[in-house]
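The structure appears below as structure tokens.
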Number of protein chains: 2
Amino acid sequence: MTLKELAQILGLSPTTVSRALNGYPEVSESTRRRVAEAATRHNYHPNVQAKRLATGRAMAIGHVIPISTQHEIVNPVFADFIAGAGEVYARAGYDMIISIVADDDEEQAYRTLRSKGNVDGVIVHGPKRGDPRPALLDELGLPYVVHGRVSDYAAPYAWVDVNNTRAFERGTAFLSDLGHRRIALVNGLESMDFAARRREGYEAALAARGLARDPALMTAGEMTEAQGYDAACAMLSLPDPATAFLTSSLLSAMGVRRAIEERGLALGRDVSVLTHDDELSYMKNGTELPIFTATRSSVREAGRICAQMLLDRIAAGPEAPIATRLLEAVLVVGQSTAPARHLIAS
Amino acid sequence: MTLKELAQILGLSPTTVSRALNGYPEVSESTRRRVAEAATRHNYHPNVQAKRLATGRAMAIGHVIPISTQHEIVNPVFADFIAGAGEVYARAGYDMIISIVADDDEEQAYRTLRSKGNVDGVIVHGPKRGDPRPALLDELGLPYVVHGRVSDYAAPYAWVDVNNTRAFERGTAFLSDLGHRRIALVNGLESMDFAARRREGYEAALAARGLARDPALMTAGEMTEAQGYDAACAMLSLPDPATAFLTSSLLSAMGVRRAIEERGLALGRDVSVLTHDDELSYMKNGTELPIFTATRSSVREAGRICAQMLLDRIAAGPEAPIATRLLEAVLVVGQSTAPARHLIAS
DNA sequence: ATGAAAGCGCTAACAA
DNA sequence: TTGTTAGCGCTTTCAT
């Protein structure tokens, strides 16, 4: 069923039908109703390709994923974000295009996307310090919103981010309030903007409390179970061992837990663990893991916000002012962050 | 830069340029070279929208994700699969369209996809027993490949699946060979085809060894850490407790482990744990989790195979014979599946 | 308030 | 081997 056919049936011109369907004002209400009714009755759906060609808009948003951004896509954080964004796109009649590219081809991927014209805008995932993408996209004139921030990009750009600095500042302060003085940081790769910000928050809190910043209690790397395990093994074996851990990932926290248990220490009694949770929504899958405490933010919600911001931006045109959005993480306190036993005793 | 402009520059007709670029045989080699050279030099990229409209092919593959298929997309298995499929699409110049839809709208989503014509085919994820999608897609004439199987769909259809039945049959047999007679199954939701097949494999092995099928040792549900924990607590407390666990998910296995450790039992000494791993690629993230044993299959590879099969199918046309592909899981044996201590002693 | 006509950028018969 | 001519299904001036 094409527009032409539908028009024929109604005894109208394709123009009028098009106008009626797209909500143009100059169509009489009676005609509009007739057209709408006929459209649903004949199960008419405009051909997207034709629409795209005629309007020049792709009606699609791109997500470019370098193949080995540590399997970005396999990251539940990413997946949850995508789910949120997808909801928004679907509601707006936009397609979501996921583009998996070899690492070296990322720049070319954006250029191609641009010149082939198969997206109206893109979301930038996993920004690093010194990330080249904002500059590239600005140059290409391809609308974008960054999920996270590129702290050292000078020009204004649209972003949606969790307040990582503040989350880790508060987490550290919280552990300090419990009496801990040896608070370890098990962080993600600090080339990533979010991880750098987390460290900054951690350090700010230490400084504010007059606690020493001990490199032996700070580690950064791939956020895996093994990372947490290895880090905790080392930090629990120090002459002046860690009594609390602040980790960047639930996986790392699980590794920390394993190290703690192996030593016969009690979680939440001898040692406290606090983790910033983005993955929890996946890991717990509806059931609370009682062993962890988390600062919790909704990645899916971030996806929705990011997507909506991009659509708004596309609709508003390139001259419109640039929006940003900072989401606060919620500190959720659980068993594993009780004051350490020996701290109470002393 | 459009085809027309490029043709003008070259003093050729758009047709010839198009033919040269698309590898049609009737173009002279010299012309083809000239055209190709000019195209790269002027950074020409054909407009996808126009191509789509002219050819009627969408040059895109759809993945429809019901919003709450337990957050299918948040499932690392899904994400890894997508990454594999994405590679293939990219190489073939196809877009990957992810469509997030409300659960009730899934059927409508396929119909709309069809009539809007924005995909050439779809991949069916997470098939259940009695899944209505193959019939719907056959009716719509929309090419598809199922990742998994719909065992009770009568008509032939294209699928790519891991041999779940055999994997669990072998896993059970393996545990039995170690001397275990009380082997528990902690399965996924058995409305899912893969989980039903796993149970069938488990039961077949029990029957083959003359072991009793004890409902108290069989559970099925959401594959979470909590599920494994709860199941193991119950099954270890039986008058005749489980000595080995076969689980459908690494998360469940982690729960089982927690229950075992809480009881002061030693993993791989007092109790064996074997888990079918699809998630391991994510969980371990390059590092072996020493505590688990896994039958391992590459989900990403399955994604590649599935995608390629679909593209082939689309190219071959609706009359072409239907392909299927069964992947064997590899049984990887680790510490946690050593024969239970008391079994050796007795 | 409605319609006629041109065109978006490309492909694909059909001619030459 | 190359070019001419129609479209693909829709939007969008410009008339009426």
Side-chain angles (χ1 to χ4, degrees), chain A residues 1-36 38-39 42-60 93-95 112-120 315, chain B residues 1-36 38-39 42-60 93-95 112-120 315:
Chain A
M1 172 65 54
T2 71
L3 187 70
K4 211 169 172 179
E5 292 168 353
L6 190 63
Q8 208 119 45
I9 293 176
L10 287 161
L12 288 170
S13 76
T15 318
T16 305
V17 176
S18 169
R19 281 201 273 247
L21 258 23
N22 291 301
Y24 281 64
E26 63 266 43
V27 181
S28 80
E29 263 320 305
S30 61
T31 317
R32 193 190 301 285
R33 246 198 314 283
R34 261 185 69 217
V35 171
H42 291 90
N43 195 32
Y44 167 78
H45 291 276
N47 179 305
V48 197
Q49 326 300 354
K51 194 169 194 156
R52 293 196 225 263
L53 182 57
T55 59
R57 283 174 307 148
M59 297 302 289
Y94 273 71
D95 283 342
T112 307
L113 232 40
R114 177 46 159 181
S115 61
K116 290 207 306 181
N118 47 183
V119 301
D120 294 321
Chain B
M1 172 63 55
T2 72
L3 187 70
K4 212 168 169 180
E5 293 167 353
L6 190 63
Q8 209 119 44
I9 293 176
L10 287 162
L12 288 171
S13 76
T15 318
T16 306
V17 177
S18 168
R19 281 200 273 245
L21 259 22
N22 291 300
Y24 280 64
E26 63 265 44
V27 181
S28 78
E29 262 319 305
S30 61
T31 318
R32 192 189 301 285
R33 247 199 312 283
R34 262 186 68 217
V35 170
H42 291 90
N43 195 32
Y44 167 79
H45 290 276
N47 180 305
V48 197
Q49 327 299 355
K51 194 169 195 156
R52 292 196 225 263
L53 183 58
T55 59
R57 283 173 308 148
M59 298 301 288
Y94 274 71
D95 284 342
T112 306
L113 233 40
R114 177 46 159 181
S115 60
K116 290 207 307 181
N118 48 183
V119 300
D120 294 320

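Letters A, B, ... are given to chains in the order of the sequence lines, protein chains preceding strands, and every chain is numbered from 1. All values below come from the heavy atoms of this structure, side chains included, with hydrogens, waters and symmetry mates left out.
Heavy-atom contacts of chain A under 4.0 Å fall on DNA chain C between two terminal nucleotides, which in 5' to 3' order are dA1(C) to dG9(C).
Between Val119(A) and Leu113(A), the shortest heavy-atom contact is CG2-CG, 3.7 Å. Shortest non-hydrogen contact noted between Leu6(A) and Met1(A) is N-SD, 3.8 Å. The shortest heavy-atom contact between Ala60(A) and Asn118(A) is CB-O, 3.6 Å. Considering every non-hydrogen atom in both Ala7(A) and Ser13(A), the closest pair reads CB-C, 3.7 Å. Across every non-hydrogen atom of Gly117(A) and Ala58(A), the tightest pair is O-CB, 3.5 Å. Heavy atoms only, all atoms of each residue included: Leu10(A) and Arg34(A) are closest at O-NH2, 2.7 Å.
Listed by chain and residue number, nothing satisfies the side-chain hydrogen bond (donor to acceptor under 3.5 Å, both in side chains) test with Glu26(A) (two or more places apart in sequence, or in another chain).
Applying the salt bridge (charged side-chain N to carboxylate O under 4.0 Å, His left out) test to every pair with at least one member in residues 42-52 of chain B, sequence neighbours left out, gives these pairs: Arg52(B)-Asp95(B). Counting only residues at least two apart or in different chains, side-chain hydrogen bond (donor to acceptor under 3.5 Å, both in side chains) contacts with residues 1-11 of chain B are absent.
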Reading nucleotides 8-16 of chain D 5' to 3', which nucleotides get B (base under 4.0 Å from a protein heavy atom), which S (sugar-phosphate only), which -? BBBBBB---
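Contact annotation: Ser13(B) reaches the phosphate of dG3(D) (side-chain N/O to OP1 or OP2, under 4.0 Å).
Heavy atoms from other residues, nucleotides or ligands lying under 6.0 Å from CZ of Arg32(A) number more than 12.
Between the axis at the start and the axis at the end of the helix from dA1(C)-dT16(D) to dA16(C)-dT1(D) there is an angle of 40°, using five pairs per end and rounding to 10 degrees.
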